[in-house]
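Excluded from the calculations below are hydrogen atoms, water molecules and symmetry mates; all remaining heavy atoms, backbone and side chain alike, are included. Note that this is a predicted model, so its numbers are computed, not measured. Within every chain, numbering begins at 1; the chains are lettered A, B, ... in the order of the sequence lines, protein sequences first and strands thereafter.
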Number of protein chains: 2
Amino acid sequence: MIGVEKTGNPVGYEAQRQNLSEGAGDALMFYKNLAEENRLLSLLLLKQEGELCVCEIMEALNQSQPKISRHLAQLRRSGLLVDRRQGQWVLYRLNPDMHTWMQDVLERTLIENPHLLEEPSRRLSDMSTRPIFCSTSA
Amino acid sequence: MIGVEKTGNPVGYEAQRQNLSEGAGDALMFYKNLAEENRLLSLLLLKQEGELCVCEIMEALNQSQPKISRHLAQLRRSGLLVDRRQGQWVLYRLNPDMHTWMQDVLERTLIENPHLLEEPSRRLSDMSTRPIFCSTSA
DNA sequence: TCCTCATATATGTTAAAGTGCATATAACAA
DNA sequence: TTGTTATATGCACTTTAACATATATGAGGA
């Protein structure tokens, strides 16, 4: 299930793109995705918040739009996130089909490192014009 | 405790070297270290085997000596491994002071991906001249 | 239609990571 | 001492990843 896109690309597309060996595929792919600060924080933030649009993640992490967009695209191609369009916004959330152990690793990381999302969470709640979407719950 | 070397370098040396931001330090450093196949497999192998010398890890992962040596050195500088010299061999093992959550992440990764160490374990047990050291247990 | 906002992506550039090869160091044995 | 084995590291090179900037796409409103 990991690595399948709604575009119909096969499992392992991203792994192949990243020239990973067969065996270490999933786990290595997962950790490569966690090995960049914006991607790590995006995943943890989405774990905590459930669903966010690109502009909210941009604001929470205080980073440029193309930067965040490209990192989210990578996470989506890797099968860690799914997106849906809601009007002019694109909402991202964790792929519910993600391996349980990966979800647990994210959760543990979040619990053990509460400081990581301190500033992002504050910036998020400080957004004056925070959009409201349907079914924003986790 | 993580990031302290026996050489006395301060916590965060590796993080600073890698130009990481303050906040995401430990967790990000950890995942950066897992994001390379030889380092990931070395950590998992040491988790499983307890203690191994460089030549055993080389053989298990079927990689060159300088390559393995460098990756192990990075893991040691990051505080994830400790080493001890036993005669002409240098033995590596997981740093017992590693954060519990990191140890748990490694363990879970190992349990959920048994195939990862299949070949390395086989190559290890196939070593004809496998050295025996004192206190090889985990 | 035209305009605006939100998001995605193409392109060129820079920085970082990984690697092979050669060599250095360290322990041991003869 | 010399030679051998095990490990570490300096250096040059290749590959990969991240980035800024500019532009494209797509939805909604006037």
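As rounded to whole Å, 12 Å separates atom C1' of D/dT7 from atom CG of B/Leu91. Put simply, CG on A/Leu52 is 15 Å from P on C/dA6, counting in whole angstrom units. In this structure, CG of B/Leu28 is placed 11 Å from P of D/dA18, rounded to the nearest angstrom. Rounding to whole angstrom units, CD1 of residue A/Ile68 and C1' of D/dA20 are separated by 14 Å. If you take CD of A/Glu37 and C1' of D/dA18, they are 13 Å apart, rounded to a whole angstrom. Between the CH2 atom of B/Trp89 and the C1' atom of D/dT7 there is a distance of 13 Å, given to the nearest Å. The nearest whole Å value for the distance from the CG atom in B/Leu40 to the P atom in C/dA17 is 17 Å. Distance, A/Ile57 CD1 to C/dT7 C1': 12 Å, rounded to whole Å.
Remark: A/Asn113 engages no residue in a side chain to side chain donor-acceptor pair (under 3.5 Å) (not counting sequence neighbours). B/Gln88 meets the side-chain contact (heavy atoms from CB on, under 4.5 Å) test with no other residue; sequence neighbours excluded. For B/Tyr31, the side chain to side chain donor-acceptor pair (under 3.5 Å) partners two or more places apart in sequence, or in a different chain, are A/Thr109. Residues meeting the side-chain contact (heavy atoms from CB on, under 4.5 Å) test with A/Glu59, sequence neighbours left out: A/Arg123, A/Met127. Scanning for side-chain contact (heavy atoms from CB on, under 4.5 Å) contacts around B/Arg108 gives A/Thr100, A/Trp101, A/Asp104, B/Glu112, with sequence neighbours left out.
The shortest distance between the side-chain N/O atoms of B/Tyr92 and the OP1/OP2 oxygens of D/dA8 is below 4.0 Å.
With rounding to the nearest 0.5 Å, the separation of CG in A/Asp97 from CG in A/Leu80 is 12.0 Å.
The side chain of A/Cys55 approaches C/dT7 more closely than any other nucleotide in the set C/dT7, D/dT9, C/dA8.
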- Task: Determine, for nucleotides 18-30 of chain C in 5'-to-3' order, which nucleotides have protein heavy atoms under 4.0 Å from the base (write B), from only the sugar-phosphate (write S), or from neither (write -).
- Result: SBBBB----SS--
